[in-house]
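One structure is given here, and the rest of the page talks about it.
Side-chain atoms are counted along with the backbone in the values below, which use heavy atoms only and exclude waters and symmetry mates. Along the sequence shown, residues carry numbers from 1. Bear in mind that the values here come from a model prediction, so they are computed numbers and not experimental data.
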Amino acid sequence: MRWWDIEPVMELEKDLFPEDAWSRGMFWSELAHARGPEATRRYVVAEVPGESAGRIVGYAGLVASGGQGDVQTIAVARDHWGTGLGSRLLTELLRAATAFECVEVMLECRVDNVRAQKLYERFGFEPIGVRRGYYQPGSVDALVMRLSTASDGGFAAGSTSPNGEQGTESHD
């Protein structure tokens with residue numbers, strides 16, 4: 001993801017997360033830490049080639065610090081749910097976590113977002129707790145999930161098939 005992706009990402013953000021959408025400033029702040037030798041973030045977008053100059057249909061972001069990764073967001077346009085795009089975005093974040101030498105990856109997911117929870121579970125994430133009232137303004141609880149590295153030094157990215165994925169949206 002680059003600065004010129006922020007406007008189309010904002011459109012998707014507002015559609016998928018109307019009550020708790022990130023601001024432009026939040027994306028700018030995250031991208032400020034995604035480049036250079038001291039980078040601690042990895043943000044990616046998924047585009048449909050040739051369609052509206054490469055319409056963005058998904059995006060995802062990860063923060064790394066002290067051997068721990070934290071999935072900040074994964075979003076897939078509604079018309080791309082069920083295509084495996086959420087799995088591909090998560091796989092990219094887990095590759096980044098391996099490159100950042102993370103030993104575990106954490107995330108929060110709305111307790112009412114069963115679709116996203118199933119995606120994370122297929123990748124080996126396990127529930128470890130609940131954060132009450134985490135998502136505001138709706139005061140929706142967040143399920144906290146964790147994935148530890150596989151014995152080969154990387155994450156079990158794609159260890160299960162993305163077939164049958166119904167789409168995903170997650171938000172921290």
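Tracing side-chain contacts under 4.5 Å through hydrophobic residues (I, L, V, M, F, W, Y), one never reaches L147 starting from V63; they form parts of separate clusters. No path of Ile, Leu, Val, Met, Phe, Trp and Tyr side chains, each step under 4.5 Å between heavy atoms, connects V114 with L16, placing them in separate hydrophobic clusters.
Distance check, rounded to the nearest 0.5 Å: CD1 of I56 to CH2 of W4 gives 11.0 Å. The line from CD of Q68 to CD of E101 is 15.0 Å long, rounded to the nearest 0.5 Å. Of the inter-residue distances, the one linking R24 atom CZ with I6 atom CD1 reads 9.0 Å to the nearest 0.5 angstrom. Going from atom CG of L89 over to atom CG of L94 covers 11.0 Å, rounded to the nearest 0.5 Å. A distance of 5.5 Å separates CD in Q72 from CD in E30, rounded to the nearest 0.5 Å. If you take NZ on K118 and SG on C109, they are separated by 12.0 Å, rounding to the nearest 0.5 Å.
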Kindly determine whether D70 and V105 satisfy side-chain contact (heavy atoms from CB on, under 4.5 Å), including the steps that lead there. CA-CA 5 Å; D70 188 31; V105 176; over 6 Å; no
Evaluation steps, side-chain contact (heavy atoms from CB on, under 4.5 Å), between S87 and L119: CA-CA 7 Å; S87 293; L119 168 68; 3.3 Å; yes
W81 and R115: side-chain contact (heavy atoms from CB on, under 4.5 Å), yes or no, with the steps? CA-CA 10 Å; W81 288 3; R115 177 183 300 119; 2.9 Å; yes
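Side chain of W3 to backbone of W28: no donor-acceptor contact under 3.5 angstrom is found. No side-chain donor-acceptor contact under 3.5 Å links S29 to the backbone of G25. The backbone N or O of Q136 lies less than 3.5 Å from no partner atom in the side chain of S139, so there is not a single donor-acceptor pair.
When all heavy atoms are compared, the tightest approach of P8 to D5 is CD-O, 3.2 Å. Of all heavy-atom pairs between D15 and R78, the closest is O-NH2, 3.0 Å. Closest approach of A75 and F17 over heavy atoms only: CB-CE1, 3.9 Å. Closest approach of A60 and I74 over heavy atoms only: CB-CG1, 3.9 Å. Residues T83 and R88 approach most closely at O-NH1, 3.2 Å, considering heavy atoms. Residue L90 comes nearest to Y120 through the heavy atom pair CD2-CD2, 3.7 Å, listed as atom of the first residue, atom of the second, then distance.
When side chains are defined from C-beta on, M106 counts as touching V144, because their heavy atoms get closer than 4.5 Å. At least one side-chain heavy atom of P127 sits under 4.5 Å from a side-chain heavy atom of L143. At a threshold of 4.5 Å between non-hydrogen side-chain atoms, the residues L107 and F125 count as touching. At a threshold of 4.5 Å between non-hydrogen side-chain atoms, the residues V9 and V45 count as touching. Looking at heavy atoms from C-beta onward, D20 lies in side-chain contact with R110 at the 4.5 angstrom threshold.
The aromatic rings of F27 and W22 are tilted relative to each other, their planes meeting at an angle between 30° and 60°.
Under the salt bridge (Lys or Arg N to Asp or Glu O under 4.0 Å) criterion, the residue pairs touching residues 126-135 are E108-R131, R132-D141, with sequence neighbours excluded.
For the pair R55 and D79, the salt-bridge criterion is met [side-chain N within less than 4.0 Å of a carboxylate O]. E92 has a carboxylate O that lies under 4.0 Å from a charged side-chain N of R95, or vice versa, which qualifies the two as a salt bridge.
Using a 3.5 Å distance cut-off with no hydrogens or angles, the side chains of E13 and Y59 do pair a donor with an acceptor.
Among residues two or more places apart in sequence or in another chain, the salt bridge (charged side-chain N to carboxylate O under 4.0 Å, His left out) test is passed with R35 by none.
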